[in-house]
Amino acid sequence: MSVTVRLMGIDRVMKKLNNHLADIQTNTDKVFFEFYAKVRQDCMTTTPTVPKDTGNLRNSMFFTYSKGIRDGRGEEQDTSLISRCENECKIAYQLKKPMAIMGFAANYAVEVHEVNKNYREPGSGWKYFITHLEDNEDYFVELIKKHMK
């Protein structure tokens, strides 16, 4: 039996975050990296946390931005996904359109994110990524203000 899973709500969240960047001159690399660091920390420590069985899912969280810097070191992950994201960010940088991409590259990340079930570790649960993106919208705005040119 195959399962089809779709990440719901991410378009709405990303539209709201991108609207904050419209027509603003800021050091986007610092904004992106600091936002990623906060979302990553919250995904690991604030309910709902990323479910942990072997640790692969947690270690597959990645971040890439305009200059090609990245994080993400899980064992069972879609490395082609990370490579495609890196290339997309590099192209955007050449077009002078700052871009950052973050997510989880474990090949089962979307299913775990979108399916509500009992997870072993207390505090962990589904929607562990989108919850912290939404919860940190005000932090994103503060970072923009902090790094204005």
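A centroid separation of 6.0 Å or more is found between the aromatic rings of His113 and Phe104. Tyr65 and Phe33 have their aromatic ring centers separated by at least 6.0 angstrom.
Distance check, rounded to the nearest 0.5 Å: NZ of Lys97 to SG of Cys89 gives 14.0 Å. Distance check, rounded to the nearest 0.5 Å: NZ of Lys38 to CG of Leu143 gives 10.0 Å. Rounding to the nearest 0.5 Å gives a distance of 15.0 Å between OH of Tyr128 and NZ of Lys52. Rounding to the nearest 0.5 angstrom, the gap separating the CD1 atom in Ile130 from the CD atom in Glu134 is 5.0 Å. Annotation: the span from Ile144 atom CD1 to Lys30 atom NZ amounts to 15.0 Å, rounded to 0.5 Å. Met99 contributes atom CE, which lies 4.5 Å from atom CD of Glu88 (distance to the nearest 0.5 angstrom).
With a 6.0 Å radius and a threshold of 12 heavy atoms from other residues, nucleotides or ligands, Asn116 has its CG atom above the threshold.
With hydrogens and angles ignored, the 3.5 Å screen pairs no side-chain donor or acceptor of Ser83 with any backbone N or O of Ser80. In terms of modelled atom types and a separation under 3.5 Å, the side chain of Ser124 and the main chain of Pro51 share no donor-acceptor contact. Of the possible polar contacts, none joining the His132 side chain to the Lys127 backbone as a donor-acceptor pair under 3.5 Å is found.
Using a 30° and 60° split on the angle between ring planes, Phe35 and Tyr139 fall in the parallel class, below 30°.
Between Lys146 and Val31, every side-chain heavy-atom pair lies at or beyond the 4.5 Å cut-off. In this structure, the side chains of Arg40 and Phe63 stay at 4.5 Å or more apart for every pair of heavy atoms. Annotation: side chain of Trp126 is not in contact with side chain of Val115 (no heavy-atom distance under 4.5 Å). Residues Asp42 and Asn136 form a side-chain contact, since some pair of their non-hydrogen atoms from C-beta on lies under 4.5 Å apart.
Not a single ring pair (Phe, Tyr, Trp, His ring centres under 6.0 Å) links Tyr119 to another residue, sequence neighbours left out. Among residues two or more places apart in sequence or in another chain, the side-chain contact (heavy atoms from CB on, under 4.5 Å) test is passed with Thr47 by none.
For the residue pair His147 / Glu34, a side-chain donor-acceptor distance below 3.5 Å is found, with atom types taken as modelled.
Two different hydrophobic clusters hold Val141 and Tyr36 under the rule that ILVMFWY side chains link at heavy-atom gaps under 4.5 Å. Grouping the Ile, Leu, Val, Met, Phe, Trp and Tyr side chains by contacts below 4.5 angstrom, directly or via other members, places Phe32 apart from Ile91.
The shortest heavy-atom contact between Leu57 and Val112 is CD2-CG1, 3.9 Å. Here the closest non-hydrogen pair linking Ser60 and Ala106 is OG-N, 3.0 Å. Annotation for Leu81 and Ala105: closest pair CD2-CA, 4.1 Å, computed over non-hydrogen atoms.
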Go through the steps for Leu133 and Phe140 under the test side-chain contact (heavy atoms from CB on, under 4.5 Å), then give the verdict.
-> CA-CA 9 Å; Leu133 287 174; Phe140 188 70; over 6 Å; no
side-chain contact (heavy atoms from CB on, under 4.5 Å) between Thr49 and Arg58, intermediate numbers included = CA-CA 9 Å; Thr49 60; Arg58 287 181 173 210; 3.6 Å; yes
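For the pairing with Thr64, the side chain to side chain contact (heavy atoms under 4.5 Å, CB included) check across Arg84, Glu86, Lys90 returns one residue only, Glu86.
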